[in-house]
Amino acid sequence: MRLTRTRLCSLLVALYCLFSIYAAYHVFFGRRRRATAASSRGSRKAAVQAKERRGRDQSALESEEWNPWEGDEKSEQQHRIKTSLQMLTKSTREKTERSIQIWGKAAIGLYLWEHIFEGTLDPTDVTAQWREGQSIVGRTHYSFITGPAVLPGYFSIDVDNVVLVLNGREKAKIVHATQWLLYTQNLIQTQKLQHLAVVLLGNEHCDNDWIMKFLKRNRGFVDLLFITYDSPWINGADVLQWPLGVATYRKFPVVEATWSMLHDERPYICNFLGTVYENSSRQALMNILKQNGSEKLCWVSAREQWQPQETNESLRNYQDALLQSDLTLCPVGVNTECYRIYEASSFGSVPVVEDVMTAGHCGNTSSHHSTPLQLLKAMGAPFIFIKDWKELPAILEKEKTIILQEKVQRRKMLLQWYQHFKTELKRKFTNTLESSFFMNNKG
């Protein structure tokens with residue numbers, strides 16, 4: 001019995017030892033195996049993720065062209081933005097002391113703002129009652145207002161310096177312009193304005209005596225007068241010449257040069273679309289075109305009566321004629337200077353200008369050998385100037401011999417000149433205003 005108990009105790013002890021050894025094995029060796037397994041599983045998962053990332057990166061590289069200078073370009077772009085903001089902030093701070101507002105009460109005001117200043121107007125609708133725009137030139141803030149709602153006494157005035165754009169071509173327009181001048185005279189007398197300049201669409205015969213009494217030199221209040229046509233008053237000091245520009249009143253647009261405008265072959269040698277007055281040089285021009293058979297080489301459309309407004313179709317035809325002709329014939333009308341000169345330049349069609357004085361009081365050929373068209377000639381206009389339309393057949397014959405490559409270079413030269421003409425005009429205009437309005441205040 002005792003032996004049986006001894007054997008049973010030994011068996012229990014042996015089982016206990018075996019269990020202890022088994023437990024110790026799992027404690028010390030089982031954890032490491034699980035960690036290894038987990039590590040193996042984690043490595044496989046990381047490898048899969050890395051593979052997916054490489055796949056996405058490869059896809060991105062395939063979909064986008066790698067730019068090795070991207071970092072530099074971003075830094076440069078950020079620098080430009082920062083510089084622009086600093087300039088804008090500086091200009092904004094200074095605009096209260098350097099502000100000029102332009103009141104556009106004649107169509108040439110749109111040529112000044114949209115073509116010379118390259119400004120925009122809000123709203124874009126040309127029939128809107130009130131339109132306005134903003135532009136900063138150097139340290140001076142310029143603003144522009146126009147439209148039927150711009151009436152004397154019906155809008156607030158928060159500037160000290162004004163440029164008034166007026167039409168003085170005929171009696172009815174002069175009456176309206178005089179009302180504006182009297183209104184601004186009152187503003188200056190009550191110290192609501194300090195300085196005034198006038199841009200005037202003058203009379204085609206240069207009969208502009210009505211405005212003389214308003215000039216400061218004659219004890220008036222107008223500091224500067226910018227006037228169209230070759231007025232004998234032009235002195236480069238307080239009376240300066242202003243270009244006629246394009247016919248904005250007929251909705252002639254700002255034209256952007258295109259590749260085809262420069263490089264395409266143009267089907268017509270020349271064009272003339274306009275009114276032919278009896279016993280005028282325009283009638284002589286039409287006769288010469290018919291006699292020499294040149295009418296077939298040129299886009300010609302004549303009418304007997306002047307039409308102040310264009311239809312959409314007539315405007316489109318006119319622009320097509322300019323775009324499809326190498327030369328644009330510019331006979332004199334009431335005045336030598338005409339809208340056609342500037343409109344042809346916009347399309348790279350070389351103006352052939354009848355360089356003769358017209359009746360009236362414009363120019364002074366005894367003292368100014370460059371008249372007419374003093375401003376254009378002073379700026380080196382690359383036009384073809386003729387004294388008589390009898391010279392035209394030889395010009396057209398020569399045109400037939402010019403190859404396309406030479407014509408392309410000529411178009412580039414004309415378009416570059418016209419852009420320079422507008423840029424230089426803006427520079428002189430703003431410098432003259434600022435010198436008169438602001439520099440004199442320091443004295």
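For reference, positions follow the sequence shown, starting with 1.
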How are the rings of W242 and F226 set to each other: parallel, tilted or perpendicular (split at 30° and 60°)? perpendicular
I'd like to know whether CG of N312 has more than 12 heavy-atom contacts from other residues, nucleotides or ligands below 6.0 angstrom. no
Between H176 and W180, what is the ring plane arrangement, given parallel below 30°, perpendicular above 60°, and tilted in between? perpendicular
How are the rings of W210 and F214 set relative to one another: parallel (under 30°), tilted (30 to 60°) or perpendicular (over 60°)? perpendicular
At what distance, to the nearest 0.5 angstrom, does CE of M379 lie from CG of L425? 6.5 Å
Hey, does the side chain of R266 reach the backbone of L323 with a donor-acceptor pair shorter than 3.5 angstrom? yes
Is the distance between the ring centroids of F272 and W299 under 6.0 Å? no
Check whether NZ of the Lys or CZ of the Arg K216 lies under 6.0 Å from the centre of the six-membered ring of F221 and within 45 degrees of that ring's axis. no
Verify the neighbour count for atom NZ of K426: are there more than 12 heavy atoms of other residues, nucleotides or ligands below 6.0 Å? yes
Determine, for cysteines C298 and C270, whether their SG atoms are under 2.5 angstrom apart. yes
Would the Y249 and Y339 ring centres measure less than 6.0 Å apart? yes
Tell me whether E406 at atom CD has more than 12 heavy atoms from other residues, nucleotides or ligands lying less than 6.0 Å away. yes
For K400 and I269, what are the C-alpha separation, side-chain angles and deciding distance, and is it a side chain to side chain contact (heavy atoms under 4.5 Å, CB included)? CA-CA 8 Å; K400 294 176 184 178; I269 292 181; 3.8 Å; yes
Criterion disulfide (SG to SG under 2.5 Å) on C362 and C206, from CA distance to verdict: CA-CA 5 Å; C362 296; C206 293; 2.0 Å; yes
Rounded at 0.5 Å granularity, tell me how far OG1 in T146 sits from CZ in R131. 7.5 Å
Checking the side chain of R411 only, and the main-chain atoms of L262 only, is there a donor and an acceptor separated by less than 3.5 Å? yes
Stepwise, does the side chain to side chain contact (heavy atoms under 4.5 Å, CB included) test hold for L244 with Y342? CA-CA 8 Å; L244 186 60; Y342 302 91; 4.1 Å; yes
Is it true that W103 and F155 have ring centroids separated by less than 6.0 Å? yes
Both conditions, 6.0 Å and 45 degrees, for the charged tip of K377 above the ring of F385: are they met here? yes
Would you say E424 and K428 make side-chain contact, with heavy atoms under 4.5 Å? yes
Are there over 12 heavy-atom neighbours, none belonging to E313, within less than 6.0 Å of that residue's CD? no
When rounded to the nearest 0.5 Å, the distance separating CZ of R282 from CD of E354 is 9.0 Å
